[in-house]
Amino acid sequence: MIDLIRIHTGDIIFNILIILVKTAVVFGVAMLHVAYATYFERKIIGHMQVRLGPMRVGYHGLLQPIADGVKAFFKEDIIPLNADKPVFIIAPLIAMFATISSLAVIPFFDGFVIADINVGILFLLAMSSLGAYGIVMAGWASNSKFSFLGGLRSSAQVVSYEIAMGLSLVGIMLMAGSLNLTEIVKAQQQYWHGMFLVPQFLAFFIFTVGAFAETNRTPFDLPEAESELVAGYFVEYSGMRFAFFFLAEYVGMIVMSSISVICFWGGWTLPPIIVNTFPFLGEIPGIIIFLLKVYCYLFLFYWVRATLPRYRYDQLMSLGWKVLIPLALLNIVATSLIKFFF
Amino acid sequence: MNPLSIAQTIQDKFPKEVKEIVEFRKQVSVIIQRDRAKEILAFLYFNKDFNFDYLVDLCGVDYMGQKKPRFEVVYNLFSMKHRHFFRVRVEVDEDTQDAPDNLSVDTVTDIWRGADWHERECFDLFGIRFKGHPDLRRILMPEDWEGYPLRKDYPLKSDLGDMEWQEYKDLIEFSEKAKQYEVR
Amino acid sequence: MTKTKDALRQRELTINMGPQHPATHGVLRLVLEIDGETVIKCTPYVGYLHRGTEKLCENRTYLSAMPLMDRLDYISSMANDVGYCVAVERLLGIEPPERAKFIRTMMCEMTRISSHILWLGTHALDIGAMTVFLYSFREREWIMDLFEMVCGARLTVSFPRIGGIRNDVSQEFLDSLYKFAEEFPSRIIEYETLIDQNRIWLQRTKGIGVISAEEAVNWGFTGPTLRGSGVDYDVRKYMPYDAYEQVDFDVPVGKEGDVYDRYRCRMEEMRQSVRIIKQCIEKLPKGPIMTPDAPKFTLPPKDKVLKDMEAMIHHFVMLTKGPLTAPVGEIYSSTEVPKGELGFYIVSDGSGRPYRMRLRSPSFVHVSALPRLCVGSLVADVIANIGTIDVVLGECDR
């Protein structure tokens, strides 16, 4: 009896250890990716805008993200006198942890996922809307009218785009028959093209627009519109707390890209038709394929940022409610009908 | 329309008000008295032949010691339709003990909306009041500024000492106080 | 009970936009009262950059007031200088020689391009299109280099003189300018591909800040801001100065009078400017650059000053006391600077200094109309409106 318990506890400790190690690895790798996502953003946008981007720190500015991190870390932490202090401190933490915990359910390659839960998609959606709380709280707590407006805009934006984005993923759920992300990837392998992108192109479009709005990226960067609201909700933040928001935004982008890759692009797998034609491609580790796809999607974020102007608040709302949500509903109906009859 | 004939028409219509017609380098201006100035300007605006729909500029001039009504308010007018240019100079005198409302003109903001800020500026820099102006405040100078800088008796530079503008004094005081935080 | 009522009372939010704000182009301050995101009241405050230029001019000679003009609209200093020189020349009754006229016209149009490019970049940046900003600065840099080539200064040029220009242009400069004029239209197309057909850009600019032609005239709008409403008013056409009579160009006008039409007007104006520059280079006559028949009003040539006693005395008097034989009179003279109509009302009492110098700046008038454009629109449109009137506060506050 005692032995049995020991074996069991040993297993539990072993499992906990494994999870901790996995978490540490994912966290570390994700942070590094975030750091270099900023670097690539600056480089890519720089080259799109006939300039070079960071060039000074390290070879072609390779150490720039680290220098930025060190700078943010050592900066003086300023809390405005009339700010709501506890909320002001908590807000960036909520924003950051909500997005970082989304990483827990993302399968990066076959079998590598920290928590393989059955409601993965729901968890992701929940976490991404939780992140908006951080923004709203930051806008409220700063006691500044500009950040207050930023927070308001953000809450309105999240409410309207969350729905469209969630509804667009319903099509995926219907086709895969599961909410588990690993299952969704595997479900895509039964098609010759190996991607839900092909049958669910409408959902993909809606999801992409929603993802841009969720992560507050151009053309939906209204909560932080620098020419209107100076910097929106984080006007009063500086140093490390500002860096938390920054991290949250970039982790959010990576999470959104990962969701898109998993749900629409076949995750860590290549389309069967390609693997069947060129069998040696099947030998490529899943993580590399996954990361390449994520980078492609991230590139889309950067590309759009360098190209498009910013929407106006009311135009953003009408796009969300009058175009995206009806389209998403249409997509669900169409998918269900096809699924039912064929 | 020939500007001289415009001036002539005005003189015929308002013989008492028009004091003088001046021509210099093909630009004609009439010097008029203050009391019916607005009527004349409205006439220039509404008359079909003139139709001065664009108030190019409105400004004050201080002729201290040069001529008797000390100030002038100058209206430069242009007609988009007829493409002619004309200038009206309204003479305004200083305030005195028996005539405290001397230094004022009727506003033309209800004729030309663009006159709004020009009149405010004129008030700000010369102290000429515009009767009926919707929002006559200082515009270029700070709200609590004393004196009217563009008057000829306003010094270009002087050591005011205690008479210095209060906010400037506060600023100097504050910067002295802030010196203790300087990193050496 | 009353307390809860008070707490629940709806109030408009008052935001103070500026004087330090990324979209106010300097030190413009707007106090906005907003209900949700709708602006219900907008009060502009100016004067943060007031340097008393008018007062300073009264205490300087005609020539030494020139550097102050550079600092009015600091992104189109050449046009201000030319405007000032034209005004003083009209007052003194002198005429610059043909070559100087053509060079001045050329410089004015270069300034117009540079100012419009800067406007385009910042306006697009305000609306959120970041790339246009950097593209436009590439060409602005080119023009700045050209300015540097001709007079050594990039921003505050002080290049024209009363009765001519400071120095002649070299053939090398003309060649580079011609190359620029050949190349630039393709760059305009480049900007237009970025934003002209962009749906978001159209949604953000069409139907925003609409002002009718009559109203725009009544407010005293000038320049592209007026022409966007469809009024064909350009000082270069109706009262030509310098060489504008001898070159061929169109005045683009808009129809609707919204932000988009004003944007189109300015884009077309840049093309017309290129046309004028090309014609100026082709037609540029040979000859003196300072008017020789008005020695009482102009500075003698520098090499003569160093050799000739009389010229030196004349030089000294001109610089310390100004043109002593200036006529008594008053003149209003206006020129078309990139922002609109820049007017100079000069009252002369016969001394070497202006008795009264009044500057009619377009930005001042345009800013005064901001409440008219902004009330009833959204906060984001306020930004678009500030951009569209192309305000430079150095000129507005003088």
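Per chain, numbering begins at 1; letters A, B, ... match sequence-line order.
Scored by the side-chain hydrogen bond (donor to acceptor under 3.5 Å, both in side chains) test, C:T225 finds C:R266 as partners (sequence neighbours excluded).
The 12-atom threshold is exceeded at OH of C:Y74, counting heavy atoms of other residues, nucleotides or ligands nearer than 6.0 Å.
Under the ring pair (Phe, Tyr, Trp, His ring centres under 6.0 Å) rule, A:F220 has a single partner from A:Y313, A:F301, A:F212, A:Y311, which is A:Y311.
Heavy atoms closer than 4.5 Å to chain A are found in both the backbone and the side chain of C:Q203. In this structure, no portion of C:L32 lies under 4.5 Å from any heavy atom of chain A. With a 4.5 Å cut-off on non-hydrogen atoms, C:R138 touches chain A through its side chain but not through its backbone. Using a 4.5 Å cut-off between heavy atoms, C:I34 contacts chain A through its side chain alone, with no backbone atom that close.
A:F264 and A:Q200 get closest at one heavy-atom pair: CE2-O, 3.9 Å.
Salt-bridge formation is detected for the pair C:R154/C:E141: a Lys NZ or Arg NE/NH1/NH2 atom is positioned less than 4.0 Å from an Asp or Glu carboxylate oxygen. Salt bridge annotation for C:D261-C:K206: absent, with no cationic side-chain nitrogen under 4.0 angstrom from a carboxylate oxygen. With respect to C:E183 and C:R187, a salt bridge is recorded, a charged nitrogen being found less than 4.0 Å from a carboxylate O. Looking at C:R271 and C:E268, a side-chain N of the basic residue comes within less than 4.0 Å of a carboxylate O on the acidic one, giving a salt bridge.
Side chains of C:D73 and C:S76: a donor on one and an acceptor on the other come within 3.5 Å.
In this structure, A:R42 CZ and A:M55 CE are separated by 12.5 Å, a value rounded to the nearest 0.5 Å.
Sorted by first then second residue, the ring-ring contact (aromatic ring centres under 6.0 Å, His included) pairs that include residues 367-389 of chain C, not counting sequence neighbours, number zero.
Scanning residues 44-54 of chain A against chain C with a 4.5 Å non-hydrogen threshold yields A:I45, A:M48, A:Q49, A:V50, A:R51, sorted by number. Within residues 372-381 of chain C, the residues having any heavy atom closer than 4.5 Å to a heavy atom of chain A are C:L378, C:V379, C:A380, C:D381, listed by residue number.
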